[in-house]
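Remember, it's 1-based here, ligands and their atoms both numbered in the order they're listed.
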Amino acid sequence: MANKKPVVVLTRKLPDAIETRMMELFDARLNTDDHVMSQAELSEAVCVAEVLVPTVTDRIDARVLAHANPACKLIASFGTGYDHIDLASARQRGITVTSTPGVLTEDTADMTLALILAVARRLTEGNRLVKTGQWQGWSPTAMLGHRIWGKRLGIVGMGRIGQAVARRARGFGLSIHYHKRNRLPAVVEHELEATYWESLDQMLARMDVISVNCPHTPATYHLLSARRLKLVPPHAYIVNTSRGEVIDETALTRLLREGRIAGVGLDVYEHEPAVNPKLLELDNAVLLPHMGSATLEGRIDMGEKVIINIKTFADGHAPPDRVIEGF
Ligand code: 8YV
C-alpha cells in the first residue's frame, strides 16, 4: 500500500474512540447514521475502498466483490465470524481477509450462561410478571423452573468460546460434554473435566442442556437438523450464541411448540434480523437480538484489532488475524 493514508470504508458506526483513531491513522469514510448498507451501497463501498471494514450485517458476496477497486486489498472485518464474506471470491481477487478473534470470547461465554439460566429459571417470564403488575405474591408452586446444578451440558464446538462456556458451567455444577470435529488434547480435556463424544447424535440424546458454540461453515449448516433435534430429550434446553444457520430454526420451532424440547435461549437466528414469528409466541423461548458480544469493552477491543490489522497491512506486513491471505 502506498505512502498516503489508505482509504478505509466502515460499513457501520463503530465506537467513537475507534472512529477517532481511524480518522487519525487512515482516510476513514464513516457511516455516521449507522444504516445497514444495501448490496448496491456495498458495491460502491468496495469500489472506493482500499480497505473495507464490514460487519456481520453485510453480505460481501461475489457480486459485491466484482466491483472491488483493484487497490482494494484488505477486508478487515469487525467480528470473529466471517461467514458473511465470500472467501473464495476474495482470494481470487488477491484480497486478504482478517477478523477479530479472541476479544469477544468471555463476553459471549457470559451470555451463553445467562441464556442457560434464563431459560431454565424462567427469568424473562418472571420479569414480565412483575413489570406488568400481574404478580400476586409468593407461592410455593409458582414460577417453577429446573435446577441446572448436577445436569449435563453438551457443547457443540469446543473452540475458544466453547471452552470459556465450559469453565463457567463447571462453576454452576454442570458436567461438561462436548462434540467437536477434532478431539481436544488430553491436557485440555482434563483441565475442563470434559467428556468427548465422537458421535453428535449420541451426545444430543443424553444431554440436559445443549449449547451451540461452533462457527457457521458449509459443514455446520443445519448441523442441528430436524432429524438430530428429534434426538434431543424432551426435558432438555438448547441455547445458541453462535450462528442461527447451525440450527434448523423451522424444525426447532415446531418441536418447541409440540413440547418435544423444553426451552430455547437464542441470541442468533437463521434469517436475522427476521425471527420465526411462531417463536415469538412461546414462553419457553428466550430471544435476544444478537447481543452476545455487545459490551463497550468488547467493541473497543474489536475495533483495536481491526486497526492493528489495517495498520500492519498498510505498513507492508502480514496482519495478525488473517483468515485468508490475498498475496
Ligand atoms: C459480532 C459475532 O458482534 O463476532 C461475531 O462473530 O457474532 C458478533 O458477536 C458481530 O459479528 C460484529 O460483526
Side-chain angles (χ1 to χ4, degrees), residues 8-15 17-19 22 30-31 34-37 41-42 45 49 51-61 64 74-87 90 97-115 156-165 211-218 220-221 223 239-247 249 265-275 287-310 319-324:
V8 176
V9 178
L10 279 60
T11 65
R12 300 297 301 272
K13 166 130 193 61
L14 300 186
I18 297 301
E19 290 193 340
M22 283 205 181
L30 310 181
N31 175 354
D34 194 34
H35 70 282
V36 176
M37 288 188 178
E41 286 174 294
L42 290 172
V51 178
L52 182 73
V53 181
T55 75
V56 69
T57 54
D58 307 306
R59 191 158 43 82
I60 312 297
D61 58 17
V64 165
L74 177 64
I75 296 176
S77 194
F78 182 88
T80 299
Y82 41 81
D83 51 331
H84 54 293
I85 303 170
D86 182 336
L87 296 183
V97 177
T98 60
S99 67
T100 62
V103 289
L104 37 80
T105 305
E106 306 303 332
D107 295 328
T108 309
D110 284 346
M111 195 58 97
T112 305
L113 264 295
L115 278 174
V156 180
M158 192 63 137
R160 267 186 299 259
I161 296 175
Q163 291 178 37
V165 168
S211 174
V212 176
N213 295 106
C214 61
H216 167 222
T217 67
T220 64
Y221 174 76
L223 186 65
V239 300
N240 187 3
T241 52
S242 167
R243 283 290 181 270
E245 290 91 335
V246 179
I247 306 183
E249 193 172 298
L266 304 178
D267 186 44
V268 287
Y269 306 88
E270 199 173 333
H271 306 289
E272 63 182 63
V275 178
L287 306 177
L288 300 180
H290 198 149
M291 54 192 272
S293 68
T295 64
L296 180 58
E297 295 86 343
R299 293 285 186 256
I300 288 177
D301 289 349
M302 288 160 75
E304 288 289 345
K305 267 199 169 276
V306 170
I307 290 172
I308 290 166
N309 282 314
I310 300 174
D321 304 306
R322 296 184 305 284
V323 176
I324 56 161

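- Contact annotation: Arg299 has at least one heavy atom less than 4.0 Å from an atom of ligand 1.
- Heavy-atom separations between Met291 and ligand 1 are all 4.0 Å or longer.
- The nearest heavy-atom contact from the protein to atom 13 (O) of ligand 1 is Phe78 O, 2.5 Å.
- In terms of protein heavy atoms, atom 7 (O) of ligand 1 is closest to Arg243 NH1, 2.7 Å.
- Not a single N or O atom of Leu104, backbone or side chain, sits closer than 3.5 Å to an N or O atom of ligand 1.
- In this structure, Ile161 CD1 and Cys214 SG are separated by 10.5 Å, a value rounded to the nearest 0.5 Å.
- Heavy-atom distances between Arg12 and ligand 1 stay at or above 4.0 Å for every pair.
- At least one N or O atom of Val56, backbone or side chain, sits closer than 3.5 Å to an N or O atom of ligand 1.
- On a distance-only criterion, Gly81 and ligand 1 share at least one N/O pair closer than 3.5 Å.
- Thr112 and Thr241 share a donor-acceptor pair across their side chains, judged by distance under 3.5 Å alone.
- For atom 8 (C) of ligand 1, the nearest non-hydrogen atom of the protein is His290 NE2, 3.4 Å.
- Geometrically, ligand 1 and Ser293 share a nitrogen or oxygen pair separated by less than 3.5 Å.
- When each atom of ligand 1 is checked for a heavy atom of Thr55 under 4.0 Å away, the hits are 13 (O).
- In this structure, atom 5 (C) of ligand 1 lies nearest to the protein heavy atom Thr80 N, 3.4 Å.
- Checked by atom type and distance alone, the side chain of Asp110 never pairs as donor or acceptor with a backbone atom of Ala114 at under 3.5 Å.
- Atom CG of Leu104 is separated from atom OG of Ser99 by 9.0 Å, given to the nearest 0.5 angstrom.
- Taking each heavy atom of Gly298 and Asp107 in turn, the nearest pair found is CA-OD2, 3.8 Å.
- A donor and an acceptor atom, one from each side chain of Asp58 and Thr11, are located under 3.5 Å apart.
- Arg322 places a side-chain N or O within donor-acceptor distance of the main-chain N or O of Pro319, the cut-off being under 3.5 Å.
- Between the CG atom of Asn240 and the CD atom of Glu270 there is a distance of 10.5 Å, given to the nearest 0.5 Å.
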